[in-house]
Amino acid sequence: MTSTSTPPGLARFNALEEHAAFAALHEACAATAWARRLLAARPYATPEDLYATSDVAMAELTAVDLEEAMAGHPPIGRPKPGDPASAREQRGMAGASEGLKAEMLELNLAYQEKFGHVFLICATGRTGEQMRDAVKERIGNSPEQEREIVRTELGKINRIRLARLVEEDA
């Protein structure tokens, strides 16, 4: 499909001053290297071009860059207060029983103790039980395996957040 015009949300993103575009990207992903890579490739003709650049930038992040990205994510079950994206993405835990929330807290702490960072998963559309099962499964991974799973999960989260950024009408 060929389009003669850039979607309005993407056109708005392309037109942002550099500091404003960086702030919007940094809100999507706390890795500075990722945001700089996406900024450098502006303007984007299509949202798909933006997502593809995000995927390449994510693949190139170092372990330190990944740590920076993960630091921007709250633990599952404890969305960042006042952060609608965090609350929306973790909606699957909102209706969880107190028992499941307590279990997730314990699992989050055990995971963080083993790997040195929060358990990161693309929580959008997942139930609390699915997230609990995922942390139970992943806690047995090696740090190297887990780093690559985290990279994949971050890539999914970034795509969802970029889509929201460029598809907004206002």
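Every heavy atom of this structure was used, including side-chain atoms; hydrogens, water molecules and symmetry mates were not.
Note that the CG atom of Leu39 and the CD atom of Glu18 stand 5.0 Å from one another [nearest 0.5 Å]. In this structure, the separation between CG on Leu10 and CG on Asp49 is 8.0 Å, given to the nearest 0.5 Å. From Ile139, atom CD1 reaches atom OH of Tyr111 across 8.5 Å, with rounding to the nearest 0.5 Å. Note that OG1 of Thr62 is 9.5 Å distant from CZ of Arg147, once rounded to the nearest 0.5 Å. Here Glu68 contributes atom CD and Cys29 contributes atom SG; the two are 8.0 Å apart, rounded to the nearest 0.5 Å.
The backbone N or O of Leu38 lies less than 3.5 Å from no partner atom in the side chain of Arg42, so there is not a single donor-acceptor pair. When atom types are taken as modelled, the side chain of Glu153 and the backbone of Leu120 share no donor-acceptor pair closer than 3.5 angstrom. Not a single donor-acceptor pair under 3.5 Å links the side chain of Arg161 to the backbone N or O of Lys156. Side-chain N or O atoms of Asn14 include one that pairs as donor or acceptor with a backbone N or O of Tyr44 at under 3.5 Å. Between the Glu106 side chain and the Glu103 main chain, no donor and acceptor come within less than 3.5 Å of each other. In this structure, Lys114 contributes its side chain and Asn141 its backbone to a donor-acceptor pair below 3.5 Å. With Gln112 contributing its side chain and Phe119 its backbone, the two residues share no donor-acceptor pair below 3.5 Å. Not one N or O on the side chain of Ser54 forms a donor-acceptor pair closer than 3.5 Å with the backbone of Leu50. The backbone N or O of Thr53 lies less than 3.5 Å from no partner atom in the side chain of Arg37, so there is not a single donor-acceptor pair.
Residue Ala123 comes nearest to Met131 through the heavy atom pair CB-SD, 3.5 Å, listed as atom of the first residue, atom of the second, then distance. When every heavy atom of Ala28 is checked against every heavy atom of Asn158, the shortest pair comes out as O-OD1, 3.5 Å. Nearest approach of Ala11 to Thr6, heavy atoms of both residues: N-CG2, 3.7 Å.
Checked options Met70, Arg138, Glu146; the residue passing with Phe115 is Glu146 (criterion: side-chain contact (heavy atoms from CB on, under 4.5 Å)).
Surrounding CD of Glu17 are at most 12 heavy atoms belonging to other residues, nucleotides or ligands under 6.0 Å away. Counting heavy-atom neighbours within 6.0 Å of Gln145 CD, excluding the residue itself, gives a total above 12.
Using a 4.5 Å heavy-atom cutoff, the side chains of Leu162 and Leu25 are in contact. A heavy-atom distance below 4.5 Å is found between the side chains of Trp34 and Leu61. Side-chain contact between Tyr51 and Thr46 is absent, with no heavy-atom pair separated by less than 4.5 Å. At least one side-chain heavy atom of His73 sits less than 4.5 Å from a side-chain heavy atom of Ile157.
Residues Leu109 make up the rest of the hydrophobic cluster containing Leu105, defined by ILVMFWY side-chain heavy atoms closer than 4.5 Å, directly or through other members.
In the hydrophobic clustering of ILVMFWY residues, with side-chain heavy atoms under 4.5 Å counting as a link, Phe13 and Ile160 come out apart. Note: the hydrophobic cluster containing Ile149 does not contain Val118 (ILVMFWY, side chain heavy atoms under 4.5 Å, direct or indirect links).
For Thr127, the side-chain contact (heavy atoms from CB on, under 4.5 Å) partners two or more places apart in sequence, or in a different chain, are Glu129, Gln130. Evaluation of the side chain to side chain donor-acceptor pair (under 3.5 Å) rule for Arg132 yields no partner, not counting sequence neighbours.
Looking at Glu48 and Arg159, no side-chain N of the basic residue comes within less than 4.0 Å of a carboxylate O on the acidic one, giving no salt bridge.
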